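Remarks on the structure that follows.
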Amino acid sequence: MTVSAGPVAVAQRLRDGMAGGVLSFPLTAFRDDGALDPDGYRAHVAERLAAAPGAVFPACGTGEFFSLDEDEYRQVVTITVEEAAGRVPVVAGTGYGWAQAVRFARIAEDAGADALLVLPHYLVTAPQDGLVAQLEQIAARTPLPLIAYQRGQVAFTADSLRRIAALPNVIGLKDGHSDLDRLQRLTLAAPEDFLFFNGASTAEIQARAYATVGVPAYSSAVHAFAPEIAGAFFTALRDDDHGTVDKLLREFYVPLVELRDRVPGYAVSLVKAAARIRGHRVGPVRAPLTDPSPADLAALTALLTTGLDLVGATL
C-alpha cells in the first residue's frame with residue numbers, strides 16, 4: 001500500500017495540474033465479450049498521460065464506474081497508479097451509498113490513489129443534511145482526500161458547502177449542474193483554498209461561462225480520444241484566443257453535443273466509439289449503455305475528421 005500525501009499537499013498538486021492542463025477521465029477497456037481488458041486499459045491510460053493532463057481520474061463516470069465489480073475496480077486503479085508513476089495526481093471514483101463507497105475507497109487507498117471523486121449516490125433524492133452526512137461518513141472512514149461531485153440528485157446549498165468544506169479531507173467540488181447562480185454562491189461560501197472544477201458533459205461548451213464565476217478548471221471527455229483538440233482548446237482559452245475558441249466550438253464541440261444528445265448514454269458511448277475510431281483498444285460499453293448506431297458512427301467519424309483538421313491533426 002502506498003501512503004497518500006495529506007489533503008493540503010494533494011490539493012496543491014491538483015491546483016497546479018489544473019492550471020496547466022485539462023483533467024483526464026480515461027475509458028475503461030472491455031473485450032468484445034464484456035470482460036475487462038487490462039492490457040487495453042493500460043495502453044489507453046499511457047496514451048492519455050503522454051498528452052499531459054493536469055490529473056487523471058480512473059473509474060469515474062466516463063470510465064463506467066457503475067459497471068465495475070470490486071476486483072475490476074482494483075485493477076483499473078492499480079494500473080492507473082502504475083502508469084502515472086507519481087507524475088500527476090490519480091483521483092479514483094467512488095460512489096453508491098456511503099458503506100459501499102468506503103469499500104471502494106479502501107481499495108483505491110491500497111492501490112495508491114491520491115484522492116477520491118465521490119460520485120452522486122444511488123437512486124434516491126435526499127435533503128441537505130443527508131447529502132452532508134454522506135460525505136461525513138465517507139470522510140470518517142478513509143484518509144484519502146475527497147472531491148464531492150454534484151449533479152443529478154446531488155446539489156449543495158452554500159450552507160452545506162461550508163459544512164463539507166470544514167471536513168479535513170474534503171478538498172473540492174466538481175460541478176455538473178451548470179447553474180452558474182448556484183455555483184457563484186458556492187465559490188463565495190467556500191474557503192479560499194477549496195478546489196472547484198467544471199464537470200459538465202462536454203465541459204468545453206461552458207468553460208468560458210464557468211471561468212467568469214471563478215472556476216476555470218474543467219474535465220475533458222474529448223481528451224480521451226482527441227487530446228490534440230482538447231489541448232488546442234485549452235491553450236486558446238487560456239490565452240484568450242477567442243477566435244480559435246469560437247471556431248472549435250462552432251465546428252466541433254457544438255455538433256458533438258448535438259450528436260451526443262440524440263441518445264441517452266451517448267456522453268460515454270460516443271467518447272468510447274471515437275476512441276475506437278482512432279485505433280484505441282477500449283472495446284464496447286457495458287449495459288445499460290449501448291454503442292452508437294452505424295449512422296451515428298458515420299457522423300462521429302466525419303465530425304472527428306473535421307475537428308482534427310481544425311488543429312492540424314489527422315484521424
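Worth saying up front: this structure is predicted, and the values here are computed from it rather than measured.
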Are [X] and [Y] joined in one hydrophobic group, where the rule is that I, L, V, M, F, W and Y side chains link up if heavy atoms are under 4.5 Å apart?
X      : Y      : value
Val76  : Val45  : yes
Leu289 : Leu27  : no
Val222 : Phe233 : yes
Leu117 : Tyr96  : yes
Leu146 : Phe156 : yes

- [ ] Determine the sole option in Phe65, Phe66, Trp98 for which the ring-ring contact (aromatic ring centres under 6.0 Å, His included) test with Phe104 is passed.
- [x]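 Exactly one option meets the ring-ring contact (aromatic ring centres under 6.0 Å, His included) with Phe104, and it is Phe65.
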
- [ ] Report yes if the side chains of Asp114 and Leu144 come closer than 4.5 Å at any heavy-atom pair, otherwise no.
- [x]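 No; the side chains remain at least 4.5 Å from each other.
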
- [ ] Look at the side chain of Arg42 and the backbone N and O of Glu82, then say whether any donor-acceptor pair between them is shorter than 3.5 Å.
- [x]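 Absent.
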
Task: Cationic tip of Lys174 above Tyr149 ring, under 6.0 Å, 45° of axis - done: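 Yes.
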
Kindly give the heavy-atom pair with the smallest separation between [X] and [Y], and that separation in Å.
X      : Y      : value
Leu237 : Val245 : N-CG2, 3.7 Å
Ser269 : Thr290 : OG-O, 2.7 Å
Pro89  : Arg13  : N-NH2, 3.4 Å

Using the side-chain contact (heavy atoms from CB on, under 4.5 Å) definition, which of the options [options] pairs with [X]?
X      : options                        : value
Asp291 : Val285, Leu270, Asp296, Leu297 : Val285
Leu195 : Val215, Val170, Ile171, Val10  : Ile171
Asp175 : Phe196, Tyr218, Phe197, Tyr210 : Tyr210

- [ ] For the pair Gln128 and Asp159, evaluate side-chain contact (heavy atoms from CB on, under 4.5 Å) and give the outcome as yes or no after the intermediate values.
- [x] CA-CA 9 Å; Gln128 289 295 310; Asp159 181 64; over 6 Å; no

Sequence neighbours left out, what passes side chain to side chain contact (heavy atoms under 4.5 Å, CB included) with [X]? Give chain and number order.
X      : result
Leu303 : Phe252, Pro255, Leu256
Ala9   : Ala5
Glu228 : Ala226, Arg278, Leu308, Val311, Ala313
Arg286 : Phe30, Glu64, Ser67, Leu68, Glu72

Task: Residue pair Leu304, Phe225: steps toward the side-chain contact (heavy atoms from CB on, under 4.5 Å) verdict - done: CA-CA 9 Å; Leu304 184 52; Phe225 62 87; 3.8 Å; yes

Open item on the list: Is it the case that atom CZ in Arg31 sees more than 12 heavy atoms from other parts of the structure closer than 6.0 Å?
Closed with: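 More than 12 within 6.0 Å, yes.
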
- [ ] Mark yes when over 12 heavy atoms from residues, nucleotides or ligands other than Asp32 sit less than 6.0 Å from its CG; otherwise mark no.
- [x]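 It does not: Asp32 CG has 12 such atoms or fewer within range.
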
TODO: Return yes if a side-chain donor-acceptor contact under 3.5 Å exists between Thr142 and Arg106, otherwise no.
DONE: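 Judged by distance alone, the side chains do not pair up.
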
TODO: Using distance alone, with no hydrogens and no angle criterion, decide if Thr78 and Gln75 have a side-chain donor and acceptor under 3.5 Å apart.
DONE: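 No.
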
Task: Asp181: partners by salt bridge (charged side-chain N to carboxylate O under 4.0 Å, His left out), with sequence neighbours left out - done: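 Residues passing salt bridge (charged side-chain N to carboxylate O under 4.0 Å, His left out) with Asp181: Arg185.
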
Open item on the list: Holding to salt bridge (charged side-chain N to carboxylate O under 4.0 Å, His left out), I want the full list of residues that pass it with Arg208, two or more places apart in sequence or in another chain.
Closed with: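 Salt bridge (charged side-chain N to carboxylate O under 4.0 Å, His left out) check on Arg208 returns Asp246.
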
